[in-house]
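All remarks here apply to the structure that follows.
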Amino acid sequence: MTGTLTSPDGGPIRVRMAPSPTGPLHIGTARTSLYNFLTARHEGGTYILRIEDTDALRGTVEYERDIIDNLHWLGISWDEGPQVAGGDDVGAFGPYRQSRRMDRYAREADRLLASGAAYRCYCTADELDAVRKAQDAARQPPRYNGRCRSLTDEQRAAFEAEGRRAAIRFAVPAETIRFDDLIRGAVEFDNALLGDFVIVRADGMPLYHFVVVVDDEEMRISHVIRGEDHLSNTPKHIALIRALGYREPVFGHIPLILNPDRSKMSKRKSQTAMTAYREQGYLPEAMVNFLAFLGWSPGTEEEIFTLDELAARFEIGKVHKGGAVFDGERLDHLNGVYIRAMSDEQLALRLRPFVPEALPDDALRRIAPLIKERLVRLGDAAELVAFLVETDGQVAARYAADELVPKKADAAQTAAALVRAREVIGALDPADFAADLLESRSREAAEAFGWKPGDFFRPIRLAVTGRAVSPPLFGSMELLGRDATLARLDAAIEKLAVTA
RNA sequence: GCCCCCAUCGUCUAGAGGCCUAGGACGCCACCCUUUCAAGGUGGAGAUCAGGGGUUCGAAUCCCCUUGGGGGCACCA
């Protein structure tokens, strides 16, 4: 790997992904994970997964499992973190679940309290809410008014006598914070504009801005690569880092993935759960390729890349600054490209979970090449192969007699055409019941009948598959078998007879 | 409201002062191929590089302003 990034101590870089299990793996989280992973790989560094499960109310183990499963599904693996050989707690930097690191946060909070960099705040939710409302009414920025910043011992005692439980706030130093963002370059914030924020809740639970800083230090994270939504949180983190005497990592804020209306991609306006894409039959290879190009490009016109190829080429510094709309049509196209590139055997294997169990493996293997170039998603296969598992009755019930009739013909003519087709098809021995023979015989019949192949085949297709759109007709008939094919043809002829 | 970030075809992007009368891909349109649908092939429409000022012999590329968009400002992450 051609590393260009260096960690403060000169060693290999250490990057991390820190998802919160408050929902299934989000597309945006997956992309951030991917960029971190690719950066670690490209630079020969270490990639760490840390579960940010301090929000006990919203986080669940199911979501954590979903996140880990889907990250693995994408092909993203981590060198340190949950489910890595050695276990969560082993290694110099674990555990990797914040819920198991509470003692560390408590210790660091105490240090801040002792140094005066943080203080206890006795304001209640109602009081804070009232302040915020007043600020809003006065068109002032909503931020903590600092009431508890310099309480006297007596005041503190009085609040505690009231039974109020204190949260811990960080006393944000009024200073200008500058940092050199990997992607945006020099950025500057005035922390005098910030309110003192809570780092530990009254119930003792430490909060995000605080734990992220503690963990990144203890896990020796050298480069923090995260979504742009964290850019304006960074000065808070840097202030905390300084107050705690930590080393400052390099920050890199990647652009957001957007809804079609260009707002931050959300569940409300887009499908954001990776699982949903997986269930529809998007391939992890296509998803990774697609995600990688949402905010980055190799600078050439190549566009199909494997994970390894991406790792070789990806440079965090070349990531764009502007957000990128999630374009489902482009994903569809890419998915189709990957599907078509697969071998028939591979496709059949991956199609298995998406088609009816009633479809035998052998039939699936044989129909795979027939439907390959018709698939956008693996899930689309179910409809394409359905005629093979449906009963003759179910197939017949899918269409009405008049649908069999081509525009320029009537029911009687169509019936005659089907009878003709049935004759030549029925004349074939079971042993000869193969696509090429079926096609040549049917074409001859069409010509003899005086119909264009398209008109002649249309009612046959509907009769045999129950659908106007199907895999190639003669291959479909071969797979269906002689008996079912003839039975379905008979059923169609019967339908026409009833109408006429 | 305040702070910060961003800005090339509808979308993803190439472009790091002259190679750009701006290239590719998706999508769209037409034609070809064709048993349906796809896939594939060929061609086309589509961006006065958000607008306005500079700098320069020369700007999509550098600077400033304006406009537009986005993000943040929780005892969520």
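Here is how names work: the chains are called A, B, and so on, in the same order as the sequence lines, proteins then strands, and each is numbered from 1.
- Asn233(A) comes within 4.0 angstrom of a nucleotide base, judged by non-hydrogen atoms across all strands.
- Among the atoms of the strands shown, none is found under 4.0 Å from any heavy atom of Arg458(A).
- Asp380(A) places its CG atom 12 Å from the P atom of A39(B), with the value rounded to the nearest Å.
- Between the Arg169(A) side chain and the Asp196(A) main chain, a donor and an acceptor come within less than 3.5 Å of each other.
- Toward the 5′ end of RNA chain B lies the nearest nucleotide of Lys321(A), the other residue of the pair Leu473(A) and Lys321(A) mapping further downstream.
- At the phosphate of U11(B), OP1 or OP2 sits under 4.0 Å from a side-chain N or O atom of Arg262(A).
- Comparing Ser20(A) and Tyr144(A) by the nucleotide of RNA chain B that holds the closest heavy atom to each, the one mapping nearer the 5' end is Tyr144(A).
- In this structure, Gln135(A) reaches neither bases nor backbone, as no heavy-atom distance under 4.0 Å exists between it and the strands shown.
- Comparing A60(B) with A22(B), their C1' atoms sit 8 Å apart, to the nearest whole Å.
- Among the protein residues, Phe189(A) comes within range of the sugar-phosphate backbone only, with heavy atoms under 4.0 Å from sugar or phosphate atoms but none that close to a base.
- Protein atom CD1 of Ile339(A) is 20 Å distant from nucleotide atom P of C37(B), rounded to whole Å.
- Both distances falling under 3.5 Å, in either a Watson-Crick or a G-U wobble arrangement, place C73(B) opposite G1(B).
- Looking at heavy-atom distances under 4.0 Å, Pro472(A) makes contact with a base.
- Using a 4.0 Å heavy-atom criterion, one finds that Pro19(A) contacts no nucleic acid atom at all.
- Distance noted for atom C1' between C29(B) and G72(B): 43 Å (whole Å).
- A distance of 8.5 Å separates CG of Leu112(A) from CD1 of Ile168(A), quoted to the nearest 0.5 Å.
- Pairing partner, C62(B): G54(B), with both Watson-Crick or wobble hydrogen-bond distances short of 3.5 Å.
- Taking atom CD1 of residue Ile254(A) and atom C1' of nucleotide C5(B), one finds them 14 Å apart after rounding to whole Å.
- Which of G1(B), C37(B), C6(B) sits closest to the side chain of Arg374(A) comes down to C37(B).
- A sub-4.0 Å separation between OP1 or OP2 of A38(B) and a side-chain N or O of Arg340(A) is absent.
- The six-membered or imidazole ring of Tyr208(A) lies near that of His230(A), with a centre-to-centre distance under 6.0 Å.
- Rounded to whole Å, the distance from CG on Asp261(A) to P on G71(B) is 9 Å.
- Set against C12(B), U36(B), G27(B), the side chain of Leu294(A) has C12(B) as its closest nucleotide.
- With G71(B), A77(B), G10(B) as the candidates, the nucleotide lying closest to the side chain of Asp327(A) is G10(B).
- At a threshold of 4.0 angstrom between heavy atoms, the contacts of Leu128(A) include nucleobase atoms, whether or not backbone atoms are also involved.
- Using the Watson-Crick or G-U wobble rule with both distances under 3.5 Å, A25(B) pairs with U11(B).
- Comparing C12(B) with G27(B), their C1' atoms are spaced 11 Å from each other, to the whole Å.
- What separates CZ of Arg467(A) from C1' of A38(B) is a distance of 16 Å, to the nearest Å.
- When distances are taken from the side chain of Pro142(A) to each of G71(B), C2(B), C73(B), the shortest belongs to C73(B).
- C6(B) and G10(B) are spaced 23 Å apart, taking the P atom of each and rounding to whole Å.
- Considering SG of Cys148(A) and CD of Glu127(A), their distance stands at 8.0 Å, rounded to 0.5 Å.
- Applying the 6.0 Å contact sphere to CD of Glu248(A) captures more than 12 heavy atoms from other residues, nucleotides or ligands.
- Rounded to whole Å, the distance from CD1 on Ile199(A) to P on A77(B) is 13 Å.
- Comparing the same atom, P, in G51(B) and in C9(B) gives a spacing of 10 Å after rounding to whole Å.
- No contact: Ala125(A) has no heavy atom under 4.0 Å from any strand.
- The C1' atoms of U21(B) and U67(B) are separated by 28 Å, rounded to the nearest whole Å.
- If you check A39(B) for Watson-Crick or wobble pairing at under 3.5 angstrom, you find it has no partner at all.
- Applying the 4.0 Å criterion to OP1 and OP2 of G72(B), one finds that Lys264(A) has a side-chain N or O inside that range.
- Nucleic acid contact for Lys236(A): sugar-phosphate only, since backbone atoms but no base atoms lie under 4.0 Å from a heavy atom of the residue.
- Gly336(A) comes within contact range of no nucleotide atom at all, as no heavy-atom separation falls under 4.0 Å.
- Counting only heavy atoms from C-beta on, Val325(A) has its side chain closest to U11(B) among U11(B), C3(B), C75(B).
- Taking 4.0 angstrom as the limit, His320(A) places a side-chain polar atom (N or O) nearer than this to OP1 or OP2 of U13(B).
- In this structure, Phe474(A) has its ring center no closer than 6.0 Å to that of Phe433(A).
- Ring geometry for Phe189(A) versus Phe179(A): interplanar angle under 30°, hence parallel rather than tilted (30 to 60°).
- Comparing G70(B), C73(B), C4(B) by their nearest atom to the side chain of Leu231(A) picks out C4(B).
- Using atom P as the reference point in both C4(B) and A14(B), the two lie 27 Å apart (nearest Å).
- Checking the phosphate oxygens (OP1, OP2) of A77(B), a side-chain nitrogen or oxygen of Thr54(A) falls inside 4.0 Å.
- The CZ atom of Phe354(A) lies 9.5 Å from the CD atom of Gln280(A); values are rounded to the nearest 0.5 Å.
- Atom pair Asp332(A):CG and C12(B):P shows a separation of 16 Å (rounding to whole Å applied).
- In terms of polar N and O atoms assigned as donor or acceptor, the side chain of Arg330(A) never comes within less than 3.5 Å of the base of U11(B) in a complementary pairing.
- Taking the ring centroids of Tyr35(A) and Phe314(A), they lie under the 6.0 Å cut-off.
- Side chains of His253(A) and Thr234(A): a donor-acceptor N/O pair is present below 3.5 angstrom, by distance only.
- Of the candidate nucleotides C6(B), U35(B), G71(B), U35(B) has the atom lying nearest to any side-chain atom of Phe457(A).
- Separating the CZ atom of Phe305(A) from the P atom of U13(B) is a distance of 14 Å, rounded to the nearest angstrom.
- For the C1' atom pair drawn from A16(B) and C75(B), the interatomic distance equals 46 Å after rounding to whole Å.
- Residue-to-nucleotide contacts include no donor-acceptor pair under 3.5 Å from the side chain of His333(A) to the base of A25(B).
- Each of U36(B), A38(B), A77(B) was ranked by its minimum atom distance to the side chain of Glu373(A); first place goes to A38(B).
- The shortest distance between the side-chain N/O atoms of Ser470(A) and the OP1/OP2 oxygens of U36(B) is not below 4.0 Å.
- Of the candidate nucleotides U35(B), C26(B), C76(B), C76(B) has the atom nearest to the side chain of Arg201(A).
- Listed nucleotides U13(B), C76(B), C6(B) differ in distance to Ser297(A); the shortest reach to its side chain belongs to U13(B).
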